[in-house]
Amino acid sequence: MSDSWQGPGARDPQGASTGSGWGQQARPSEQGQQPDRAPRQGRQQPYPARDARQQPYQGHPQERHAYAHPPRQHVHPHPPEQAHQAEPRAESAERAEAPEAPEAEAAAPDVAAPEVDAETSGSRRQALRRARGKDGVRDGARDGARDGTRPRRRRRGGLLKVVAFCVVTAVGSLILLRGNELLDRLGTPTAPDKATETPAAPEPPDPGRVLQVIAHPDDDLYFMNPDLRYSISAGSPVTSVYLTSGEADGINAGSAKAATTKPDKPAYAEARQNGIRAAYAKMATGDRGSPWTRTVVPTKGGGHAEVDVLIAKPQVNLVWLQLREAGTVYETAPNSLHGLWDGKIPRLDSMLASGTPVKQPFSYSKDQVVQTLVGILEQYRPTTVRSQDPTPGRYPDTKRYTDHQDHFYGARFVQLATAAYAKDVTDRPHFAVQNYAGYINGSLPSALDPDEAKEKLDILGTYAWLDRQNHCNSPAGCGDLKISDQPGGNRWSDSINYARGTSTNWLTSDAQQGLWAFKVLDGQVAVWHRAGPAGRWKGPDLLPGTGMDPGVSTVTLADGRKAVFGTRTSFGAKPTDYRREVVHAVQKQPGAEEFTEWQSLGTPETADENWTSDISAPAVSVDGTGQLAAYVRDGAAGLRGRVQRPDGSWGPWEKYGGTDLHGSPATATDGAGRRMVFAATSKSVVGWTQPTPGAPLGQVTATGLPDTTLPLTADGREGGVRLWFRKPGSGNVRTALITGEGGLKVSQMTDLGGLQGFGSVTASGHLLAGRTAGGQLGSEAGSGRPWERSPLLFVGAPSSTMTGKGLVSLAVVGLDARLYVTSSADVPNAHLAPWQPVGPRNAPPSLPSPASPASPASPASGPAPAAP
């Protein structure tokens, strides 16, 4: 083991082990380290043209596919930018006539919100020109200019409005975000000292610690990038854990040479490892040949793992578990993760790469795979866990899985491991989970703009070893030549989609201008609450009940209570006991912090083996009669829903039709109280509406909207329901107004631009926000204003809500699994207040550097894992 790695068991300068690895002492005869060095890589081949009509991919050529970072290393990010802060522009003589601060402060919570203009920014500019003269000068100003006078009173009044607006915005934001400090000061009778006169600068966000578990070497590059690259660029400690060696048929060659290349599974597994090391080194340092330290570590499951640490960026680790892969995408393969899960085999053997320092073969039972992953989680203490989609479903026509069996059964092992880790390990930070869609991306509209897709393809080109230069000095090869004919796969390089966690209505407000936020941490729903406009934030408090999947939705009932909906995964003694179901909990009374126990609405799927429990997250809304309904996309890609009866019971799962639905549906209520539901297809958007409040949904209707990337956001406004979505291959945000009188009608289709990016867009009042290219949060805080970027990287989707009459609140959960909140006045040309974290830090303020050994029992590095 190497001194440069303070990971699974620190070592003293003489090389003696001071830790216990991941569950047992390392055997000296099996330890080893191999620094890998290589020259810089040249340019990769250009980005290939997309074909949106390409048929769904039926598997990686001879599918095969593989784990490690210095745990708990703290990297200080750059201080957050003071995003969107207003700067009053009044002259000093006129500033004296501005309203006094106490009056502005008293008015802050009641700022009036002007009506939102649904026109495009270009139309808004035209309207502004019409309101002015043809030369752009207002008529009054022109008249004053003619007689040699200036309209000083009007100008002064306008400046007073600017000053008042800025004061109101600042004070309102202070009330929203710094409620705790205000309460503390109000309760202190003594005069404030200097430290309290000036608010402290916002503390820099913790970069979080990311741990990814994937089935094969390259699943991370295909399905988790560019999130992976964003995290590395931000300095977050990143560990990628590869379950299998991805040995396939052992032929490391493109199609032209496959027939004449001798199979060698250990060598092909080594070549894939070499390609992954090169790709990560390039993402982290720009040099694919940046060297690594390679070490053998005993696992909690009783085997051994190889851990690679990038010397130049030791927060980047790769952990190789090196289990045997299935060797087939769909067909039965007992000697696989699927077979181990189903009990077809008692143990799964290792498949050691030819160049690995791990020399002793081993095998794992199902429980030992879980315990191995628990040991890794204990060691690295992640705040964000990324894995593949555990329930991808099947194609309705062929009934074949929409993803590789190793992908989703590997993700199920991650589910078991994170559940055991959350239950059994108490001295750990909170963690959030993000799931990623796999092969299905190839048959969906492209989610990335061309620049992001090109970056992603370049990294895949490094992994594919396109130039064939022996930069890694390995006889096995320096990359995966099997994909060199088409490094982008089945259009996977131009897309990324979250399988869960795309809802944007997890932040909500109440009648007292309090805020409630609901997110899944540690497999439970976490609640943050701020009472009133200046109350003290509380949380995160975890609601009882485990097994919650990422992503929840909230709705306000007719009596003012909050209801929280999500899906829950449960396990049993038999493989067929694996089950996902829709559940909900309700406030016991409006404003109360107590919720009912989770109540199950069941699932429209009859059994997991039929559709692999493929239901979407629920979309929920209340119509004008107070009737509550929940809708999901089912495994057959149609819409299903349950409606609550007046007595509180629920009707059966109804079929509402629709085909080729993807992602989760979105729902909202229009000005007449009619409920509308929308879902994305691979080519457009379809919708349903109630003819009148309280009536059943009508027939599925084509909207005629163009193709869109998956997440949809719906909000009732302007008498109808406004949709927000993204333009494929661009990332631009688009919007359209849908009205329901006489059936669904679409109008005001507008492209709002943006900062590229992908994923859900949240909208409240004047505010739009979503993930940008680069991974940060981008926002448009006023009509016609340019989009701006915040410094925060976050998990899942942002959420926003109107707070009172004239304030908008916006929240994300960072990669450190901590809630961050900001706000803005709901007026044109508004600005976001600086982001504020809620609750205690989710990580130690300082952590040991990789160059200085730390005891595994120290608070910074956490407890040493127990023996198996």
Side-chain angles (χ1 to χ4, degrees), residues 1 7-9 19-27 30-31 65-69 71 211-217 219 239-246 269 273 295-308 317-325 335-341 345-353 356-382 385-388 390 406 409-425 428 431 433 571 856 862-868:
M1 298 175 70
S20 57
W22 292 330
Q24 64 182 46
Q25 285 284 38
R27 301 174 186 174
E30 295 168 356
Q31 297 170 359
H65 298 258
Y67 105 49
H69 92 248
L211 187 139
Q212 311 184 148
V213 185
I214 46 266
H216 309 128
D219 291 345
T239 297
S240 291
V241 182
Y242 302 91
L243 292 171
T244 78
S245 290
Q273 287 193 12
T295 308
V296 177
V297 176
T299 71
K300 195 170 184 177
H304 288 82
E306 176 184 338
V307 177
D308 301 345
N317 279 199
L318 308 174
V319 182
W320 307 95
L321 294 186
Q322 301 190 93
L323 291 170
R324 188 177 299 278
E325 71 140 289
N335 201 21
S336 65
L337 291 170
H338 185 173
L340 187 64
W341 181 276
I345 54 172
R347 306 180 71 83
L348 181 61
D349 293 332
S350 59
M351 168 53 69
L352 301 182
T356 181
V358 179
K359 301 303 179 186
Q360 179 180 334
F362 55 89
S363 63
Y364 286 144
S365 66
K366 181 178 181 178
D367 183 65
Q368 285 174 318
V369 173
V370 173
Q371 288 305 308
T372 294
L373 292 173
V374 169
I376 295 171
L377 290 163
E378 287 180 286
Q379 185 61 41
Y380 286 101
R381 291 160 48 100
V385 176
R386 295 171 178 160
S387 77
Q388 294 170 272
D406 281 346
Y409 278 98
R412 293 188 180 189
F413 276 103
V414 178
Q415 285 183 302
L416 278 178
T418 53
Y421 173 64
K423 177 177 180 291
D424 299 335
V425 180
R428 57 166 176 77
F431 64 90
V433 173
F571 305 88

Note, Ser245 side chain near Leu352 side chain (heavy atom, < 4.5 Å): no
From CA spacing to verdict: side-chain contact (heavy atoms from CB on, under 4.5 Å), Leu373, Leu321: CA-CA 10 Å; Leu373 292 173; Leu321 294 186; 4.2 Å; yes
Partner set under side chain to side chain donor-acceptor pair (under 3.5 Å) for Ser336, not counting sequence neighbours: none
Heavy-atom donor-acceptor pair, Thr244 side chain to Ala215 backbone, under 3.5 Å: yes
Main-chain N/O of Ser240 paired to Gln212 side chain as donor or acceptor, under 3.5 Å: no
Set of residues satisfying side chain to side chain donor-acceptor pair (under 3.5 Å) with respect to Arg324, sequence neighbours excluded: none
Any Val385 side-chain heavy atom under 4.5 Å of Leu377 side chain: yes
Gap between atom CD of Glu306 and atom OG1 of Thr295 - 0.5 Å precision: 8.0 Å
Thr356/Gln322 under side chain to side chain donor-acceptor pair (under 3.5 Å): CA gap, chis, key distance, verdict: CA-CA 10 Å; Thr356 181; Gln322 301 190 93; 3.2 Å; yes
Side chain proximity check, Asp406 to Leu243, heavy atoms < 4.5 angstrom: no
Rounded distance [0.5 Å steps], OH in Tyr364 versus CG in Asp349: 12.0 Å
Closest non-hydrogen atom pair between Val374 and Lys300, with its separation: CG1-NZ, 4.2 Å
Partners meeting side chain to side chain donor-acceptor pair (under 3.5 Å) with Ser350 (sequence neighbours left out): none
Validation row: Tyr380, Val241 side chains within 4.5 angstrom (heavy atoms): no
Qualifying salt bridge (charged side-chain N to carboxylate O under 4.0 Å, His left out) pairs, either residue in residues 364-374, two or more places apart: none
Nearest-0.5 Å distance that lies between atom CG in Leu323 and atom CG in Leu337: 6.5 Å
Spatial distance of atom CG (Leu340) from atom CD (Gln368) [nearest 0.5 Å]: 9.5 Å
Table please: side-chain donor-acceptor pairs of residues 415-424 below 3.5 Å, with sequence neighbours left out.
residue: Gln415; atom: OE1; partner: Tyr578; partner atom: OH; Å: 2.6
residue: Thr418; atom: OG1; partner: Val414; partner atom: O; Å: 3.0
residue: Thr418; atom: OG1; partner: Gln415; partner atom: O; Å: 3.1

Counterpart residues, side chain to side chain donor-acceptor pair (under 3.5 Å), relative to Tyr409 (two or more places apart): His338
Minimum-distance pair of heavy atoms, taken over all atoms of Thr299 and His304: CG2-C, 3.9 Å
Between CG on residue Asn335 and CG on residue Leu348, distance to nearest 0.5 Å: 5.5 Å
